[in-house]
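In what follows, a structure is listed as structure tokens, so that the remarks can point back to it.
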Amino acid sequence: QVQLLESGGGSVQAGGSLQLSCAVSDDTKSRRMLAWFRQSPGKAREGLVAFDTGRSSGPVAIADAGHGRFDASHDNLNNIFYLQGHNLQPGDPAIYYCAEAADLALWGPYLLLPASYAYWGQGTQVTVSS
């Protein structure tokens with residue numbers, strides 16, 4: 001059973017930056033499809049960044065809400081998945097989740113669809129202060 005554990009949440013000043021980490025417990029796979037999602041109160045969970053660890057070119061999908069401000073990376077040696085966020089805005093406070101898909105063959109809109117991901121962390125809260 002894959003376990004994912006997020007860390008690094010907290011309060012960030014508006015315009016500031018954050019880095020969240022997601023430790024993936026299962027190291028038996030040589031390739032994974034990982035993603036970062038977030039959910040604000042009363043809103044649906046939305047995908048931010050999807051990342052195929054078998055590709056070296058960076059994220060395979062970034063949501064419109066994340067373009068230019070969010071990025072992801074993966075430490076293959078330690079199996080840690082990162083989210084970097086910049087210029088945080090009042091619309092960014094949420095619980096941020098990392099997730100892993102059971103199926104590597106995701107494409108297009110499925111890359112950032114919550115239903116495409118089978119394994120989830122418990123989430124880490126991010127708030128933005130003015």
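Position 1 is the first residue of the sequence, and the numbers go up from there.
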Next on the checklist: Let's go through Trp120 and Arg45 carefully: what are the C-alpha distance in whole Å and the side-chain angles of both, what is the deciding distance for side-chain contact (heavy atoms from CB on, under 4.5 Å) to 0.1 Å, and is it a yes or a no?
Outcome noted: CA-CA 12 Å; Trp120 292 83; Arg45 190 168 296 189; 3.3 Å; yes
Next on the checklist: Surrounding CD of Gln125 (heavy atoms of other residues, nucleotides or ligands, distance under 6.0 Å), is the total greater than 12?
Outcome noted: yes
Checklist entry - Tyr97, Phe51: one ILVMFWY side-chain cluster at the under-4.5 Å cut-off? => result no
Next on the checklist: Just verifying a value: how many Å separate Tyr119 OH and Ser25 OG, rounded to the nearest 0.5 Å?
Outcome noted: 10.5 Å
Next on the checklist: Does anything in residues 72-95 form a salt bridge (charged side-chain N to carboxylate O under 4.0 Å, His left out)? List the pairs, not counting sequence neighbours.
Outcome noted: Arg38-Asp92, Arg69-Asp92
Item to check | Under 3.5 Å donor-acceptor, Trp36 side chain and Tyr82 backbone | outcome: yes
Checklist entry - Is there a donor-acceptor contact under 3.5 Å from the side chain of Ser40 to the main chain of Pro93? => result yes
Checklist entry - Got a second to check how far Leu20's CG is from Thr124's OG1, nearest 0.5 Å? => result 6.0 Å
Checklist entry - Side chains of Asp52 and Arg31: closer than 4.5 Å at any heavy-atom pair? => result yes
Checklist entry - Does Leu113 belong to the same Ile/Leu/Val/Met/Phe/Trp/Tyr cluster as Tyr117, with side-chain heavy atoms less than 4.5 Å apart forming each link? => result yes
Next on the checklist: Is the shortest side-chain heavy-atom distance between Asn79 and His74 below 4.5 Å?
Outcome noted: yes
Checklist entry - So which pairs with a foot in residues 99-114 pass side chain to side chain donor-acceptor pair (under 3.5 Å), sequence neighbours left out? => result Lys29-Glu100, Arg32-Glu100
Checklist entry - Quick check: does any side chain N or O of Gln89 sit under 3.5 Å from a backbone N or O of Asn87, one acting as donor and the other as acceptor? => result yes
Checklist outcome for this item: The reported gap from CG in Leu48 to CZ in Phe70 (rounded to nearest 0.5 angstrom) is 5.5 Å
Item to check | N/O donor-acceptor pair under 3.5 Å between Gln19 side chain and Gln84 backbone | outcome: no
Next on the checklist: Check whether Gln39 reaches the backbone of Ala94 with its side chain - one donor and one acceptor, N or O, closer than 3.5 Å.
Outcome noted: no
Next on the checklist: Once side-chain contact (heavy atoms from CB on, under 4.5 Å) is applied, do any residues pair with Leu111, and if so which ones, sequence neighbours excluded?
Outcome noted: Met33, Ala50, Val60, Ala61, Leu106
